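In this text the structure is predicted, and so the values were computed from the model without any measurement.
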Amino acid sequence: MAYPRWPAELPQRSWQEGFSRTFGDSRLRSEMSTGPAKLRRRTTLAPTPVNMSFLLEWSQLARLERFWIEDTASGVSPFYIPDHIYDDVPMMTEGGVGVETDAGVPILIAADWLVRFTSAPTHEPLGIRWRVSFGIEVMP
Amino acid sequence: MLVPLSVRNALLAQETEEVEIALVTITHAALAAPIRVSSDATVRLSTDPLRYGTLSNGLEYEFILMSALVPDDQKGAPPQTALVLDNVDARLVEVIQSFSSPPAEAMIEIVMASAPDFVIQRFRRLQIVRASFDESQVTLSLSREPYLSEPHGTRMTKQLCPGLHGIPNA
C-alpha cells in the first residue's frame, strides 16, 4: 500500500495568505507554584502543524473532494505533498553561493512532506472560485 | 531503588532534553512472538506503513499511547504497577477477554531516549493479574507472584514448634 500523492490537477503550492507552519512541540511544561516553570521533552518526535489555503476552480474542488473521500479514505490516510519550505529551492553552499552542475544549471532541492489532514477542508465561494483551507500535520 | 546520577540530574533539572521511555515486553505461551511496545515515538520505524517506536538492543518497540507507573515497593506485598493504554481499537478488548490460560508475563524496562540500549531499570517477571477497560482506556494491572503469602508447608504444631506454644525447654 503506497500512500497517495497530492493530486497533480491541484495547485502544488498553498496560497501565501492562509499558509502558516508551527514547529512541532513535544514539550511538557510543569508550572511551579512560584518561579519559572520546568520544561522537559515529553516525546522525541512531534508532528509539525501546517495550515494551508488554496484558490480552486469548480473542477479542482471536485478533485479535492475525491481526494478526501477516496484517496485518503475520508482524510485518515497520510499523503505526500511537496515540501512548502525547501522543495524547488536552489541548493546553497555555506557562503550562500548556489550549487550548479557542470553545465551551469542550478541544483534544486527536491523534498516531500508526508502529511495527514488535521482538519477537514473548508471551502467558501470567492467570486466564481472556491477558497479552500485546511490544516495538516507533517509527520516526523 | 537505585537511580543513576545522570537520570537523577535529568529529573531534577530545570530544563532537560532527556525523554524517559518505558519499554514493555509481553510474553505468553499463546503468542508466537512477544509483544513489544514503547511509550515514546523515538524514531520512525517504517514509512509505509507509517510506524513509530523505539529501537533498543536491536529490537523494535512499537509506539502506543501509554502511561506506565514505576512498580511500587510496599512492605509485605509484591510490587505492583499498572499500564494504561488508550482504547483505540476494539480488538484490544477482544484480546483481553480471550485470556483463559495462565496470565501473560510482562517486563518493563526504563531507558532514556538518548541511550535506548542502556537499560536504567528492569522489572521482570511481572504478571498481568487484572485487566479492566472502558470506552476510552484499558488498564492492565501487573504484579509479581505473591510469594510472601504462600503457605509455609508445615503446620506449627506443639511438637515441631514448642516455643510458639509457650512450652519452655521442650
Side-chain angles (χ1 to χ4, degrees), chain A residues 1-7 22-50 67-68 70-83 86-87 109-118 135-140, chain B residues 3-4 6-24 36-56 60-70 84-86 88-90 109-118 120:
Chain A
M1 184 191 70
Y3 294 129
R5 258 205 92 74
W6 180 247
T22 316
F23 291 134
D25 193 352
S26 64
R27 298 171 305 164
L28 180 69
R29 189 182 164 89
S30 313
E31 294 294 337
M32 305 288 113
S33 58
T34 57
K38 296 205 172 191
L39 272 181
R40 54 185 284 253
R41 279 164 85 181
R42 178 68 188 83
T43 63
T44 314
L45 298 179
T48 308
V50 173
F67 182 71
W68 171 264
E70 283 180 15
D71 298 348
T72 66
S74 293
V76 293
S77 169
F79 59 94
Y80 290 101
I81 194 167
D83 187 327
Y86 298 115
D87 188 42
I109 299 170
D112 270 342
W113 279 340
L114 182 60
V115 301
R116 293 189 305 202
F117 283 112
T118 48
I136 55 174
E137 54 180 355
V138 181
M139 300 311 286
Chain B
V3 181
S6 58
V7 178
R8 250 183 298 160
N9 283 345
L11 290 173
L12 296 173
Q14 181 71 27
E15 300 92 16
T16 176
E17 54 170 45
E18 293 284 359
V19 181
E20 258 189 88
I21 308 174
L23 304 173
V24 181
R36 295 194 176 88
V37 290
S38 162
S39 65
D40 180 47
T42 317
V43 289
R44 190 191 279 188
L45 294 176
S46 80
T47 300
D48 197 355
L50 198 54
R51 291 190 323 132
Y52 294 95
T54 307
L55 278 172
S56 174
E60 288 187 354
Y61 293 80
E62 193 108 7
F63 164 62
I64 54 167
L65 298 160
M66 169 172 76
S67 77
L69 304 168
V70 171
V84 182
L85 319 174
D86 272 34
V88 289
D89 191 335
E109 289 166 308
I110 310 289
V111 298
M112 285 304 200
S114 53
D117 290 341
F118 177 70
I120 296 158

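- Shown here are the salt bridge (charged side-chain N to carboxylate O under 4.0 Å, His left out) partners of A:D112, two or more places apart in sequence or in another chain: A:R5.
- Interatomic distance, NZ of A:K38 versus CG of B:L12, reported as 6.5 Å (0.5 Å rounding).
- Sparse packing is recorded around CZ of A:R27, with 12 or fewer heavy atoms of other residues, nucleotides or ligands lying under 6.0 Å away.
- In this structure, CZ on B:F63 lies 9.0 Å from CG on A:L45, to the nearest 0.5 angstrom.
- Considering B:E15, B:Q14, B:E17 in turn, B:E15 is the only one that fulfils the side-chain contact (heavy atoms from CB on, under 4.5 Å) rule with A:L39.
- The heavy-atom pair separating A:R42 from B:V19 by the smallest distance is O-CG1, 3.4 Å.
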field: side chain to side chain contact (heavy atoms under 4.5 Å, CB included) between A:Y3 and B:L50, intermediate numbers included
entry: CA-CA 10 Å; A:Y3 294 129; B:L50 198 54; 3.6 Å; yes
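- With a 4.5 Å cut-off on non-hydrogen atoms, A:A37 touches chain B through its backbone but not through its side chain.
- Within a 6.0 Å radius of OH in A:Y80, more than 12 heavy atoms belonging to other residues, nucleotides or ligands are found.
- In this structure, the portions of A:M139 lying under 4.5 Å from any heavy atom of chain B include both its backbone and its side chain.
- In terms of heavy atoms, A:T44 sits closest to B:A113 at OG1-CB, 3.7 Å.
- Residues passing the salt bridge (charged side-chain N to carboxylate O under 4.0 Å, His left out) test with B:R36, sequence neighbours excluded: none.
- Of the two parts of B:A10, neither the backbone nor the side chain holds a non-hydrogen atom closer than 4.5 Å to a non-hydrogen atom of chain A.
- For a residue to count as touching a neighbouring chain, one of its non-hydrogen atoms must lie under 4.5 Å from one of that chain's; by this rule A:P140 touches chain B with backbone and side chain alike.
- Atom-to-atom distance recorded for B:E20:CD and A:R41:CZ is 13.5 Å, nearest 0.5 angstrom.
- For chain A, no part of B:S114 is nearby; none of its heavy atoms comes within less than 4.5 Å.
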